[in-house]
Amino acid sequence: MRLRHIEVFQAVLQAGSVSGAARLLNVSQPNVSRVLNHAEQQLGFTLFDRTPQGLIVTPEGRRLMPEVEALFSHIQAIGELAEQLRQGEGQHVRIGSAHALGHSVMAPVLVDFRRQTPGGSVELVTGHFNTLSQDLLQYKMDFALAFGEQATQELVAESIYQANMVALLPKDSPVEGPVSLAWLCENDLLMLQQQDPLGQVLNRVLRENGLMPHSALYIKTYSVIADMVLAGGGVGVVDTFTARRYVDQLKIVAVAEPLPFEVILLSRRDQPASQAALRLKQLIRNKLWDLRIQGV
């Protein structure tokens, strides 16, 4: 029996008549009769006796009933699972994030995801670009949110946010900005490491302008730079996400020279995203759009 034969057999059993089965299946009555007759021809026995009182299931048809009911129960379960997958329920997503983006972007995104998809689960790991890339290459995560940097050919980088870095000054600084890189260097600019995505931009622009910071400190974690400015250790240049976290503690001003950075979604080229992962990516885009509108 083909699946369509079984579907019509089940509908006739449920409705008690060909006309009733046609209404259940939303097809014409002749269509149901034709499929039922074709099924019986293929089986070599009748499924129903046609009597003046209506259709009566035959002993052979009755033997088939438990298996047909079990099949339709399984089909219904498949349909319910498919709907859950469409909604992202029951799916586990593994995400990587740069530290600064984990605080400012992923935290509120995960709250929204949990509210919208109570049956889904997410594992968030923060790390630097190289670590996130290696985890993606080893299938340890589904995608990562990172600051833009050159990725390997096995990975796809989708740019979803662009902005310029900003300067962090002590709260009581009389300077209102914008400040030049020369001024920052003269006031103990705390440096980002050269291999860092933002550090690459900062060091390149400093070289182009023939500048050399007086400070010998090279720091990889952006929040540590902000904490050192708080401690009176100098001035810093960071992304707008880190700066937002210190808006009540430090003075945030623009830098005269453009220091562009971007945020990317990083994923494997050969790994399609699940519905839950796609939903999370859209929530991330929405959050970044909101932050863009709000400014630092």
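Scope of the values below: all heavy atoms of this structure, side chains included, with no hydrogens, waters or symmetry mates.
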Residue set satisfying side chain to side chain contact (heavy atoms under 4.5 Å, CB included) with Arg285, at least two apart, ordered chain then number -> Glu158, Ile160, Leu265, Lys281, Gln282

Cation over ring face, Arg279 and Phe113, 6.0 Å, 45°:
no

Which pair of non-hydrogen atoms, one from Cys185 and one from Leu206, has the smallest distance, and what is that distance?
SG-CD2, 3.8 Å

Rounded to the nearest 0.5 Å, how far apart are NE2 of His103 and OG1 of Thr126?
7.0 Å

Looking at Lys287 and Val105, would you say the former's side chain and the latter's main chain have a donor-acceptor pair under 3.5 Å?
no

If we ignore hydrogens and angles and just use 3.5 Å, is the side chain of Arg114 paired with the main-chain N or O of Val109 as donor and acceptor?
no

side-chain contact (heavy atoms from CB on, under 4.5 Å) between Leu168 and Val237, intermediate numbers included:
CA-CA 6 Å; Leu168 300 181; Val237 171; over 6 Å; no

Classify the ring geometry between His38 and His5 as parallel (under 30°), tilted (30 to 60°) or perpendicular (over 60°).
tilted

Any side-chain donor paired with an acceptor under 3.5 Å for Gln200 and Glu149?
yes

Please find out if less than 6.0 Å separates the ring center of Phe48 from that of Phe9.
yes

Taking Arg269 for its side chain and Gln153 for its backbone only, find out whether a donor-acceptor pair lies under 3.5 Å.
yes

Any idea which heavy atoms bring Pro197 and Gly148 closest together, and the distance?
CB-O, 3.6 Å

Just verifying a value: how many Å separate Arg94 CZ and Tyr139 OH, rounded to the nearest 0.5 Å?
11.0 Å

Ser274 side chain to Ala277 backbone, donor-acceptor under 3.5 Å:
yes

NZ/NE/NH1/NH2 to OD/OE distance under 4.0 Å, Glu69 and Arg62:
no

Are Tyr222 and Phe147 close enough that their ring centers fall under 6.0 Å?
yes

How about Arg63: does its CZ atom have over 12 heavy atoms from other parts shown lying under 6.0 Å from it?
no

Would you confirm whether Thr58, through its side chain, and Leu47, through its main-chain N or O, come within 3.5 Å as a donor-acceptor pair?
yes

Residues clustered with Ile264, ILVMFWY side-chain links under 4.5 angstrom:
Phe129, Leu132, Leu136, Leu137, Met141, Leu155, Leu266

Is a donor on one side and an acceptor on the other found under 3.5 Å between the side chain of Asn164 and the backbone of Leu259?
yes

Without swapping roles, check the side chain of Ser17 against the backbone of Gly20 for a donor-acceptor pair under 3.5 Å.
yes

Using atom types as modelled and distance alone, determine if a side-chain donor or acceptor of Asp239 lies under 3.5 Å from a backbone N or O of Phe241.
yes

Roughly how far apart are Leu25 CG and Arg23 CZ, rounded to 0.5 Å?
11.5 Å

Glu7 and Arg4 ion-paired at < 4.0 Å
yes

Would you mind checking if Asp112 and Arg115 are paired as a salt bridge, meaning a charged N to carboxylate O distance below 4.0 Å?
yes

His99: what forms a ring pair (Phe, Tyr, Trp, His ring centres under 6.0 Å) with it, not counting sequence neighbours?
His128

Check whether any side-chain N or O of Lys251 sits under 3.5 Å from a backbone N or O of Asp172 as a donor-acceptor pair, and report yes or no.
no

Can any side-chain N or O of Asn203 pair as donor or acceptor with the backbone N or O of Gly199 at less than 3.5 Å?
yes

